[in-house]
Amino acid sequence: MPDTRSDVARPCAGMEDCGMGNRVHDAWTEIRTRVERAQRDIGVTDPVEAVKAPSEDLGHLGFPAFSFARQLRRNPNEIAGDLAARIGTGGILKSVTTAKGYVNLFLDEERLASAVLEEIFESGDRFAAGGAAAPGTWVIEYSSPNTNKPLHLGHIRNNLLGMGISRIAEYHGQNVVKVNLVNDRGIHICKTMLAYREWGEGKTPESAGVKGDHFVGEYYVRFDKEFRKELSEYAQQSGAKPEEDAFFNGPSRLGQAARELLRKWEQGDADTLSLWRRMNDWVLGGFARTYERMGCRFDLTQFESETWRFGKQLVEEGLAMGVFARREDGAVVLDVARVDPALSGEKVLLRSDGTSVYMTQDIGTAAKRVDQFTPDRLIYVVGDEQNYHFKLLFGILDLLRPGMGRRCHHLAYGMVRLPEGRMKSREGTVVDADDLMDELNSMAREEILVRAREGHAHAEGVSETDLSDRSEKIAQAALKFFVFRFTPRKSFEYDPKQSIDFAGQTGPYCLYAYARTRSLVRKAGTEPRFDAGLVPLLALPVERALVRQLFELPVVVEKSAETLDPSKIAEYAFNLAASFARMFNDKEYPIVTCEDARLRQARVMLAAAVGITLKTALGLLGIDVLEEM
RNA sequence: ACGCCUGUAGCUCAGUUGGAUAGAGCAGCGGACUUCUAAUCCGCAGGUCAGAGGUUCGAAUCCUCUCAGGCGUGCCA
């Protein structure tokens with residue numbers, strides 16, 4: 001039984017955002033251009049970037065000069081010295097040194113702190129936005145569920161990756177078009193419809209008091225159960241034990257009835273279409289609630305019932321161009337070696353009866369998206385089991401329209417396992433998305449209540465609305481951070497116990513750090529504003545290190561957007577939270593309890609800036625912060 | 001059989017695309033609360049970067065082979 005993309009695991013920047021006038025971007029631009037220019041001046045053709053040095057003693061940023069030695073036929077130390085002199089001091093650079101073939105940069109920390117803090121207080125959560133060197137349009141397809149059962153943990157990863165990358169790319173300055181391609185047609189849908197017709201007794205989600213997608217999902221499961229019963233009865237009577245598919249497409253009564261429904265659907269039978277629309281609406285209504293809860297948005301929802309015929313014309317054109325060939329049996333095929341000489345075999349693009357396949361549709365939707373949005377990048381968030389499909393798709397697109405495939409990118413991610421093994425929807429070993437979020441929510445709620453009983457000031461006397469708000473935000477933070485911690489490429493095991501553990505690299509940990517920054521601000525009495533006169537008071541090594549950490553966000557956003565990897569943002573958020581927690585916990589470092597009024601103001605200002613930055617980074621992952629925990 | 005992906009501390013993961021002393025968290029052990037919110041923090045311990053060759057100033061990172069695991073190679077989606 002085939003699954004769709006999402007089921008198996010696929011399941012513009014405005015002027016105010018661009019670097020113009022942004023102190024943080026300007027500082028980075030200054031550093032980068034000076035480093036690059038110095039390299040070009042001595043004849044380096046492929047300049048390297050200055051990155052964070054391993055230790056503050058060596059420098060704040062640095063880069064090696066070894067790689068230039070051969071090309072320039074000079075000693076690395078000598079090259080480093082030359083580069084250091086050419087980069088020069090002044091502006092944001094306090095000094096430039098060399099050490100063992102490396103060029104090391106020390107930033108003017110007071111100047112940097114002024115720039116970073118002023119920008120944070122002026123621009124708020126947009127302070128690191130709009131850094132894209134080449135803003136363009138990105139079309140991102142994600143989620144792409146089936147309309148026959150509710151979303152599960154696999155979809156959660158897809159939804160979050162799509163949502164996260166969309167937010168990061170938008171923040172970076174791309175114009176993002178988020179597309180959901182819903183699989184709402186096909187034999188699997190007909191099975192569910194059949195089960196409902198046979199055993200649904202005219203119930204509705206409203207009458208049954210069940211969320212629409214869960215309601216319909218029950219009939220998907222019911223069909224499978226009845227089908228298996230029929231199969232085993234058949235096997236007992238006939239003594240033969242046919243393959244499931246063979247039985248479904250052969251003697252099975254249920255199989256015949258489901259196929260009949262598909263025929264009627266394709267012929268436009270009024271009753272069938274009416275039932276189909278009704279059930280799809282139930283499911284989509286359920287999905288909408290889950291998307292809303294997770295923070296997923298779409299600019300365009302496409303339905304396969306409307307797009308499945310797309311691409312036929314393009315395939316015909318490809319046939320005329322000689323890119324494809326018609327086989328003796330009438331099927332139109334591609335010799336896959338045309339895509340990659342290392343491959344061999346054929347890929348069918350039109351069946352011998354002229355109907356389209358999955359690939360045909362994807363060729364069509366890609367072309368439509370290009371025509372409609374003229375995107376610079378077309379991104380597909382789909383599980384890595386479809387790597388081959390997308391390799392072929394992009395190759396085909398390049399054959400049909402040169403250059404088109406190169407703009408495409410398959411964001412392939414690994415599957416989510418359970419401790420018991422792979423999730424199988426028919427075997428009931430799935431973790432339902434809604435159930436999981438409910439479970440996390442009640443765990444968070446319980447924890448808050450425990451703290452209230454223990455007499456914690458911030459939990460005591462919490463109102464019911466506040467309690468449900470807090471528990472939901474903590475639940476979402478826990479789930480999202482857990483999923484985002486992993487590089488998309490990797491598969492991971494979802495461990496329910498670990499996901500609810502609030503200690504360590506978790507969303508709640510980050511939320512807690514944010515809440516503590518807000519607590520300081522509340523105690524200070526007023527919301528801090530930038531005050532240049534306070535900057536010189538922030539001269540301790542830990543304070544300066546923290547400012548440099550704030551300064552890193554634009555680079556992290558850039559890397560994250562370029563590599564389509566939100567885990568870099570999660571890592572950044574955690575590290576920032578940890579730095580702050582360390583400082584906050586230091587009894588030798590009073591912040592709001594600092595007796596010196598000016599020092600107090602300066603420290604609260606820094607803490608507030610950390611809060612804004614933490615909120616910004618978490619926001620890119622769709623995680624909402626809490627003022628109190 | 002072939003192709004792609006993965007293999008780093010007891011466990012879960014980072015490692016800036018070839019750079020400086022391989023870093024976090026969890027678990028373990030030992031410490032810090034009449035709190036700036038302890039859902040926290042500090043310290044200790046923990047490594048043959050799967051293995052073997054190779055490339056070079058320099059390799060967890062690149063090339064080859066081997067081993068182990070995952071996923072693919074449909075006129076399914």
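Computed from a predicted structure; not experimentally measured. Every chain is numbered from 1, with letters handed out A, B, ... down the list of sequences.
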Phe390(A) CZ to A77(B) P, in whole Å, measures 13 Å
In whole angstroms, the gap separating P of G74(B) from CG of Asp245(A) amounts to 16 Å
Rounded to whole Å, the NZ-P distance (Lys523(A) to C36(B)) equals 8 Å
When rounded to whole Å, the CZ to C1' distance for the pair Phe584(A) and A39(B) reads 13 Å
Under a 3.5 Å limit on both distances, the Watson-Crick or wobble mate of G28(B) is C44(B)
- Message: Using the C1' atom as the point on both nucleotides, what is the distance between C41(B) and C4(B), in whole Å?
- Response: 45 Å
- Task: Scan Lys559(A) against the nucleic acid and name what it touches under 4.0 Å (heavy atoms): base, sugar-phosphate only, or nothing.
- Result: sugar-phosphate
Taking a pair to mean Watson-Crick or G-U wobble geometry with both distances below 3.5 Å, C13(B) pairs with G23(B)
Close N/O contacts between protein and nucleotides 20-22 of chain B (under 3.5 Å):
residue: A20(B); atom: O4'; partner: Tyr102(A); partner atom: OH; Å: 3.3
residue: A20(B); atom: N6; partner: Asn104(A); partner atom: OD1; Å: 2.7
residue: A20(B); atom: N1; partner: Asn104(A); partner atom: OD1; Å: 3.1
residue: A20(B); atom: N1; partner: Asn104(A); partner atom: ND2; Å: 3.2

Among C13(B), G25(B), C36(B), the one nearest any side-chain atom of Phe486(A) is C13(B)
Pairing partner of C33(B), by Watson-Crick or G-U wobble and under 3.5 Å for both distances, is none
Here the distance between atom P of C36(B) and atom CD of Glu628(A), to the nearest Å, is 16 Å
In this structure, CE of Met629(A) is separated from CD1 of Ile448(A) (nearest 0.5 Å) by 7.5 Å
What distance, rounded to whole Å, do you find between the two P atoms, one in A50(B) and one in G7(B)?
-> 8 Å
*Just call it for Glu447(A): base, sugar-phosphate, or nothing, with non-hydrogen atoms closer than 4.0 Å on any strand.*
base
Picking from A39(B), C76(B), C42(B), the nucleotide nearest the side-chain atoms of Arg582(A) would be C42(B)
Here the distance between atom C1' of A39(B) and atom CG of Asn585(A), to the nearest Å, is 12 Å
Exercise. Would a line drawn from the ring center of His60(A) to the ring center of Phe106(A) be shorter than 6.0 Å?
Worked result: yes
* When you measure from the centre of the six-membered ring of Phe248(A), is the NZ or CZ of Lys191(A) under 6.0 Å away and within 45° of the axis? -> yes
Quick note, Arg489(A) side chain, CB onward, closest among C57(B), C36(B), C5(B) is C5(B)
The salt bridge (Lys or Arg N to Asp or Glu O under 4.0 Å) partners of Glu36(A) (sequence neighbours excluded) come to Arg40(A)
Ala581(A) has its side chain closest, among C41(B), U8(B), A39(B), to C41(B)
Checklist entry - Taking the C1' atom of each, how far is U40(B) from A59(B), in whole Å? => result 39 Å
Tyr358(A) OH to U73(B) P, in whole Å, measures 12 Å
Open item on the list: Base, sugar-phosphate or nothing for Tyr512(A)? Non-hydrogen atoms, less than 4.0 Å.
Closed with: base
In whole angstroms, the gap separating P of C57(B) from CZ of Arg73(A) amounts to 14 Å
Out of C71(B), C57(B), C36(B), minimum distance to the side chain of Ile591(A) belongs to C36(B)
Judged by whether its glycosidic angle lies within 90° of 0, U17(B) is syn
The residue, Val357(A) or Tyr509(A), whose nearest nucleotide of RNA chain B is more 5′ is Tyr509(A)
Problem - Atom P, compared across A39(B) and C33(B): separation rounded to whole Å - result: 15 Å
* Asked: When you check the phosphate oxygens OP1 and OP2 of C36(B), does a side-chain N or O of Lys587(A) lie under 4.0 Å from one of them?
  -> no
Applying the 3.5 Å cut-off to both distances, the Watson-Crick or G-U partner of A1(B) turns out to be U73(B)
| message | Please report the distance separating the C1' of C11(B) from the corresponding atom of U73(B), rounded so that it comes out in whole Å. | response | 34 Å
Please report the distance separating the P of U61(B) from the corresponding atom of C5(B), rounded so that it comes out in whole Å.
15 Å
For nucleotides U6(B) and A27(B), find the distance between their P atoms and express it as a whole number of Å.
-> 29 Å
Closest to the side chain of Ala503(A), out of C36(B), C26(B), A14(B), is C26(B)
pair_partner(A50(B)), Watson-Crick or wobble, both distances < 3.5 Å, evaluates to U66(B)
Review point. Looking only at atom C1', what distance separates A22(B) and U16(B), rounded to whole Å?
Key: 14 Å
Give one of base, sugar-phosphate or nothing for Glu627(A), where a contact means two heavy atoms less than 4.0 Å apart.
base
Side-chain polar contacts of residues 588-599 of chain A - donor-acceptor pairs under 3.5 angstrom, sequence neighbours left out - could you list them?
residue: Tyr589(A); atom: OH; partner: Glu543(A); partner atom: OE2; Å: 2.5
residue: Asp596(A); atom: OD1; partner: Arg598(A); partner atom: N; Å: 3.0
residue: Asp596(A); atom: OD1; partner: Leu599(A); partner atom: N; Å: 2.9

In terms of side-chain heavy atoms, does Ser491(A) have a donor or acceptor partner in Arg417(A) at a distance below 3.5 Å?
yes
Does the side chain of Glu472(A) pick up a donor-acceptor pair with the side chain of Gln476(A) at under 3.5 Å? yes
Open item on the list: Once you apply a heavy-atom cut-off of 4.0 Å, does Asp353(A) come out as touching a base, just sugar-phosphate, or nothing?
Closed with: nothing
Exercise for review: Look at Arg451(A) and A39(B) and indicate whether a side-chain polar atom (N or O) is within less than 4.0 Å of OP1 or OP2.
Suggested key: yes
key: Aromatic ring proximity, centroids under 6.0 angstrom, Trp308(A) and Phe303(A)   = no
field: Distance-only polar pair, side chains of Tyr514(A) and Glu627(A), donor-acceptor under 3.5 Å
entry: yes
Closest to the side chain of Gln505(A), out of A39(B), G25(B), C4(B), is G25(B)
Centroid-centroid distance, His410(A) to Phe394(A), less than 6.0 Å:
no
For Ser352(A), which contact category applies under a 4.0 Å heavy-atom criterion: base, sugar-phosphate, or nothing? base
Picking from C36(B), A39(B), A77(B), the nucleotide nearest the side-chain atoms of Asn183(A) would be A77(B)
Winner on side-chain proximity to Lys568(A), out of C13(B), A39(B), G15(B), is G15(B)
Comparing nearest nucleotides in RNA chain B, the 5'-proximal residue of the pair Arg185(A), Ala65(A) is Ala65(A)
Donor-acceptor pair, side chain of Arg326(A) and main chain of Gly330(A), under 3.5 angstrom: yes
Whether Thr487(A) contacts A14(B) is assessed here as follows: a side-chain N or O lying under 4.0 Å from the phosphate OP1 or OP2. Is that the case? yes
Exercise. Per the atom types in the model, does the base of A14(B) pair as donor or acceptor with the side chain of Arg485(A) at under 3.5 Å?
Worked result: no
